[in-house]
Amino acid sequence: MRIDIISIFPGYLAPLELSLLGRARHAGLLDIHTHDLRQWTHDRHHTVDDTPYGGGAGMVMKAEPWAEAIDSIVSDDDAADRLKPLLVIPSPSGTPLTQPIAARLAAEPWLVFACGRYEGIDQRVIDHYSSQLRVEEISIGDFVLSGGEVAAMVIVESVARLLPGFMGNAASLTEESHAPGGLLEYPVYTKPAVWRGREVPPVLLSGDHAKIAQWRHDQALRRTAKRRPDLLHSSESVQLSELDTSLMVTRGQRGDAPELLSLQRSCWVSEAQLNSALDLPPLVESLTDVRNGIEGWTTFVVRAEGRLVGSVRARLDDGVWRIGRLMVAPDFQGRGLGRWLLEHIESQAPLEARAFELFTGSRSTRNLRHYRKAGYRTSVIPPSEPGIVVLRKPRPR
Ligand code: ADE
């Protein structure tokens with residue numbers, strides 16, 4: 001990835017030589033160029049700012065040095081294949097930086113950062129380049145720094161560590177805070193087991209990996225609820241009109257497996273009775289199967305005051321979003337949660353999905369009624385197993 005950073009204080013960007021970033025540069029993973037904006041000024045004082053039109057405090061960065069700087073960098077012959085960079089302008093009025101934004105930027109071959117100072121850059125620079133390049137104004141938080149340099153370094157670091165080969169251990173990317181799953185990271189401990197009288201939580205010394213995963217998940221939930229309730233409440237909390245309790249929806253994690261196994265067994269007993277089949281997979285599969293299922297499918301779990309009360313999963317298969325394991329705890333049934341879960345998993349279908357598909361027992365008349373009401377119709381494809389009805393619905397466009 002190529003990165004160009006323009007600033008009136010390029011010396012501020014020296015830390016980009018250090019640590020993992022420095023190593024990635026030496027390894028050729030990152031090609032970072034810093035530039036002094038003043039080299040594109042032509043007066044004796046190397047002026048880069050002027051008073052704002054309309055009055056007011058502070059100074060505004062002049063358009064011309066920025067345009068000359070950006071033009072000269074974008075037309076650099078060394079830049080492979082005449083690519084067009086994404087122009088990133090760190091600004092407290094930009095879109096807040098998030099992990100998905102960092103991941104999106106990490107897929108770009110070339111980023112150019114324009115680090116403003118003072119009251120910002122003349123708006124016409126942004127408008128002009130928006131018609132020629134892609135331009136994004138990004139904020140690193142709801143506070144004001146003296147300039148964009150530190151913000152650019154924050155963005156560069158969050159992006160660079162997602163590049164393949166940057167981190168020694170790719171698993172640490174999936175386990176950390178703000179990884180998909182939407183929770184803050186659980187607390188971590190290392191040796192010694194007792195430090196200044198403080199013990200490491202005993203479960204971490206137990207060697208029981210299922211218990212450890214469950215404990216970590218629980219800690220991550222508590223921490224998120226306490227410090228960042230917005231993460232839970234904006235995207236993950238549902239209030240169903242028929243339900244008085246507030247439900248929390250999260251992506252299923254390995255640690256959910258033991259509870260999910262219990263829930264699915266309790267939910268599929270009635271299916272087994274109705275369809276005279278005791279060997280239904282949700283009833284007979286092992287904890288490992290459930291764990292693998294959580295990892296192999298897009299799984300959501302719903303909790304009410306910490307208790308797992310519902311779940312659903314899906315995965316894309318040949319353009320079809322195959323939905324399964326839609327379950328609701330017996331005491332939560334008949335209150336709209338099943339319908340909500342179905343709508344939720346449909347809304348998560350990737351763009352490539354042309355249709356939704358699910359199946360149920362041919363004698364499960366209640367399920368069949370619910371699915372028909374949600375727009376599903378019996379599929380023309382013959383079911384792979386007897387006693388099963390496959391239902392399909394074209395994806396609404
Ligand atoms: N420049 C000044 N403050 C900033 C912020 N919070 N984010 C990005 N760039 C900035």
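Every number for a ligand or one of its atoms is a count from 1 in the order of the listing.
Using a 3.5 Å distance cut-off with no hydrogens or angles, the side chains of Thr378 and Arg392 do not pair a donor with an acceptor.
Within a 6.0 Å sphere centred on OH of Tyr12, other residues, nucleotides and ligands contribute 12 heavy atoms or fewer.
Aromatic ring centroids of His344 and Phe300 lie under 6.0 Å apart.
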In a simple table, one pair per line, please give the protein and ligand 1 atom names for every N or O pair closer than 3.5 Å, along with the distance.
from, atom 1, to, atom 2, distance (Å)
ligand 1, 3 (N), Leu145, N, 2.9
ligand 1, 6 (N), Gly141, O, 3.2
ligand 1, 6 (N), Phe143, O, 2.8
ligand 1, 7 (N), Ile140, N, 2.9
ligand 1, 9 (N), Ser91, N, 3.1

Applying salt bridge (Lys or Arg N to Asp or Glu O under 4.0 Å), run through Arg124 and Asp122 and close with a yes or a no.
CA-CA 5 Å; Arg124 290 169 295 183; Asp122 189 313; 2.6 Å; yes
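In this structure, His35 and His33 have parallel ring planes: the angle between them is below the 30° cut-off, well short of the 60° mark.
With respect to the salt-bridge test (charged N to carboxylate O, under 4.0 angstrom), the residues Glu185 and Arg223 do not qualify.
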